[in-house]
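The structure appears below as structure tokens.
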Amino acid sequence: MQKPSIPKGTRDFSAEEMAKRNYIFNTVKEVYRLYGFQQIETPAMENLSTLMGKYGEEGDKLLFKVLNSGDFLSDVSLQEVEQKLLGKLTTKMCEKGLRYDLTVPFARFVVMHRDKISFPFKRYQIQPVWRADRPQKGRYREFYQCDADVVGSDSLLNEVELVQIIDEVFRRLKINVCIKINNRKILSGIAEVIGEPDKITDITVAIDKFEKIGLEKVNEELASKGIAVAAIETLQPIMQLKGNNNEKLEALKEILSTSQTGLKGIEELSFIFKYIKQLNISTTVELDLTLARGLNYYTGAIFEVKALDVEIGSITGGGRYDNLTGVFGMPDVSGVGISFGADRIYDVLNQLELYPEDAACSTQVLFVNFGENETGYCLPLLQQLRANGISTEIYPEAAKLKQQMGYADNKKVPYVVIVGENEMNENKLTLKNMITGEQQLIDKSDLLSFVSK
RNA sequence: GUGAUCAUAGCUCAGUUGGUUAGAGCGUCGGAUUGUGGUUCCGAAGGUCGCGGGUUCGAGCCCCGUUUUUCACCCCA
């Protein structure tokens, strides 16, 4: 006998866990719908050519590849195997891979269906993605993303709406969060001003760690990437800018006065903050210059959401990316989007015990099974309850009553109906309330009113 | 990819310096109670001590390898 197991970094979800997860998905879906987003789905597998090279060198390594069916060695030469030319071998043995995120497949979707899509296109997508990463806290090899993106619109109104969506979702979930916002153009401007415009990626990756590892370590990392000492020094006051959002933006205008790109970024953020102020959004929205986000395709605004009451990484992120579909031959289409990290939100809700009570229970009424005659008497009653929206079941076998009651108890069924010979003769039934333990003999026709409260 | 760490019943975990027949709680099943669950009492089933090799008279315990768990780094949600 072999012990069953599941692959590293994957999870089963129990009935109870699914109830909780669906609570999150449904909340996010409902808010997306309210803002006019439409749902799409794409396949779990994409052609490897669609995925490769879109997530950088690291990303390519983390792609799950799907072995060709049939004779997958047909194109492979002995020499390639002996020399372990892994790159060549995988392209010959695998032509498909599991999706790594929802954004790239979406870009592919837009390009393939551009004839049927009217722009701007607002889509949302809630599906699992896979990464061959080493699992650790809050990190899995299979996890869900809940993306919403607008493509084909440069308007900053989209950014404002996304902030509203974030605010709305977390208000509904009762999680206290802080929305951090920054702009890639400002980061580019900073890189220009300190005289290291080519090192923009290294700089953003380093300062993104500011909150986690502190100023000193960031400086060390910057130095190790070959950033000039003078440049690092110019960077210090910028990283530690104090004050409210407007004060920060004013200070930045001075600092970035020589950078056209930087000033454009400031203008964009000012627009967004202006509307957020008018809309009275209750969540704190903070300009955080150390927010960079690893993904390199962002070109404008970038967002990140942190839970205030739980120590966990970001639970939502997003941003603006110009030229999303360029790699697939459809230039000049800009997109902006966000992604809720459902698995981390799940952990937050669990730790804070914020799930509503009714997320757990399923069956409302269980009918005890005493045999054929009694079943015939009960089935129409089940039908009637179900027609009235009450989830109802009858125990499938005429097992011992003790066992049937135990089943109801385990499943937390609040009402049990007992019908035996006595009840049938009187055209009645016994209704037991499993919470109080009380039971009473009632008229068949009164059942619905008793259990529908 | 780098560095740690864990693995004993379905689950959570004990198990002394290497010493006879590996234990507990929970859960499951049966009974006390053949028409009454959640409480109580009695009883039972359930183990290749992750896997493979080694040291030893003797290994759950020591050594090596491997897989798995968890965690940190890289990167990321």
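Chain A is the first sequence line, chain B the second, and so forth, proteins listed ahead of strands; every chain is numbered from 1. Since this is a predicted model, take the numbers as computed values, not measurements.
Separation of the P atoms belonging to B:rG27 and B:rC74 is 45 Å when rounded to the nearest angstrom. Separation of the C1' atoms belonging to B:rC71 and B:rC6 is 10 Å when rounded to the nearest angstrom. With both ends at atom P, the span from B:rU40 to B:rU67 equals 46 Å, rounded to whole Å. Rounded to a whole angstrom, the distance from the P atom of B:rA77 to that of B:rU16 is 46 Å. Of the P atoms belonging to B:rC42 and B:rG50, the separation is 33 Å, rounded to the nearest Å. Atom name C1', nucleotides B:rC76 and B:rU55: the rounded distance is 45 Å, in whole Å. The same atom, P, is picked in B:rU39 and in B:rU17; the two are 39 Å apart, to the nearest Å. With C1' as the reference atom, B:rG65 and B:rG47 are 25 Å apart, rounded to whole Å.
Ranked by how close their nearest RNA chain B nucleotide is to the 5' end, A:Gly9 and A:Glu142 are led by A:Gly9. The residue among A:Lys61 and A:Asp343 whose nearest nucleotide of RNA chain B is located toward the 5' end is A:Lys61.
Nearest to the side-chain atoms of A:Lys137 among the listed nucleotides B:rA72, B:rC75, B:rC76 stands B:rA72. With distances taken from any side-chain atom of A:Lys212 to the nucleotides B:rU28, B:rC76, B:rA77, the minimum falls on B:rC76. Among the nucleotides B:rG35, B:rG3, B:rC74, the one closest to any side-chain atom of A:Thr430 is B:rG35.
For A:Lys217, there are no salt bridge (charged side-chain N to carboxylate O under 4.0 Å, His left out) partners two or more places apart in sequence or in a different chain.
One donor-acceptor pair, N or O on each side, does fall under 3.5 Å between the base of B:rG37 and the side chain of A:Asp409. Side-chain N/O atoms of A:Gln439 and base N/O atoms of B:rU36 include a donor-acceptor pair closer than 3.5 Å. Evaluation of atom-type donor-acceptor distances gives a pair under 3.5 Å for the side chain of A:Arg139 against the base of B:rC75.
Rounding to whole angstrom units, CD1 of residue A:Ile166 and P of B:rA77 are separated by 14 Å. Protein atom CZ of A:Arg99 is 20 Å distant from nucleotide atom P of B:rC76, rounded to whole Å. Atom-to-atom, CG of A:Asn433 to C1' of B:rG37 comes out at 12 Å; the value is rounded to the nearest Å. Atom pair A:Asn410:CG and B:rU28:C1' shows a separation of 11 Å (rounding to whole Å applied). The distance from atom OH of A:Tyr415 to atom C1' of B:rU36 is 18 Å, rounded to the nearest whole Å. Nucleotide B:rC76 holds its P atom 12 Å from the CD1 atom of A:Ile302, rounded to whole Å. As rounded to whole Å, 13 Å separates atom P of B:rC73 from atom CG of A:Asp208. With rounding to whole Å, A:Met434 atom CE is found 14 Å from B:rU39 atom C1'.
B:rA77 has its base stacked against the ring of A:Phe143, the centroids being under 5.5 angstrom apart at an interplanar angle below 30°.
With respect to A:Arg33 and A:Glu30, a salt bridge is recorded, a charged nitrogen being found less than 4.0 Å from a carboxylate O. For the pair A:Glu393 and A:Lys411, the salt-bridge criterion is met [side-chain N within less than 4.0 Å of a carboxylate O].
Note on A:Asn422: a base of the nucleic acid sits closer than 4.0 angstrom, heavy atoms only. A:Glu421 comes within contact range of at least one nucleobase, with a heavy-atom separation under 4.0 Å. Among the heavy atoms of the strands, none lies under 4.0 Å from A:Ile338. Contact annotation for A:Tyr140: base contact, defined as any heavy-atom pair under 4.0 Å involving a base atom. Within 4.0 Å (heavy atoms only), A:Gly420 reaches at least one base atom of the nucleic acid. Across all strands, A:Gly437 comes closer than 4.0 Å to base atoms (heavy-atom distances). The residue A:Gly138 sits close to a base: some heavy atom pair falls under 4.0 Å. Base contact: A:Glu423 has a heavy atom under 4.0 Å from a base atom.
Applying the 6.0 Å contact sphere to CD of A:Glu426 captures more than 12 heavy atoms from other residues, nucleotides or ligands. Open room surrounds CD on A:Glu421; 12 or fewer heavy atoms of other groups in view lie less than 6.0 Å from it. Counting non-hydrogen atoms of other residues, nucleotides and ligands closer than 6.0 Å to CE of A:Met239 gives a total above 12. Atom CD of A:Gln383 sits in a sparse spot, with 12 or fewer heavy atoms from other residues, nucleotides or ligands closer than 6.0 Å.
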Table of protein N/O atoms under 3.5 Å from nucleotides 7-12 of chain B N/O atoms:
none

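With values rounded to the nearest 0.5 angstrom, A:Asn422 atom CG is found 12.5 Å from A:Lys428 atom NZ. Separating the CG atom in A:Asp309 from the CD1 atom in A:Ile175 is a distance of 9.5 Å, to the nearest 0.5 Å. Rounded to the nearest 0.5 Å, atoms CG (A:Asn183) and OG1 (A:Thr299) are 8.5 Å apart.
Residues A:Leu222 and A:Asp202 fail the side-chain proximity criterion, which asks for heavy atoms closer than 4.5 Å.
For the pair A:Arg21 and A:Phe13, the cation-pi test (distance below 6.0 Å, angle within 45°) is passed.
Against RNA chain B, the stretch residues 395-403 of chain A makes heavy-atom approaches under 4.0 Å through A:Lys400, A:Leu401, A:Lys402.
For the pair A:Gln136 and B:rC71, the criterion of a side-chain N or O lying under 4.0 Å from OP1 or OP2 is not met. At B:rU67, none of the side-chain N or O atoms of A:Lys8 fall inside 4.0 Å of OP1 or OP2 (strictly under the cut-off).
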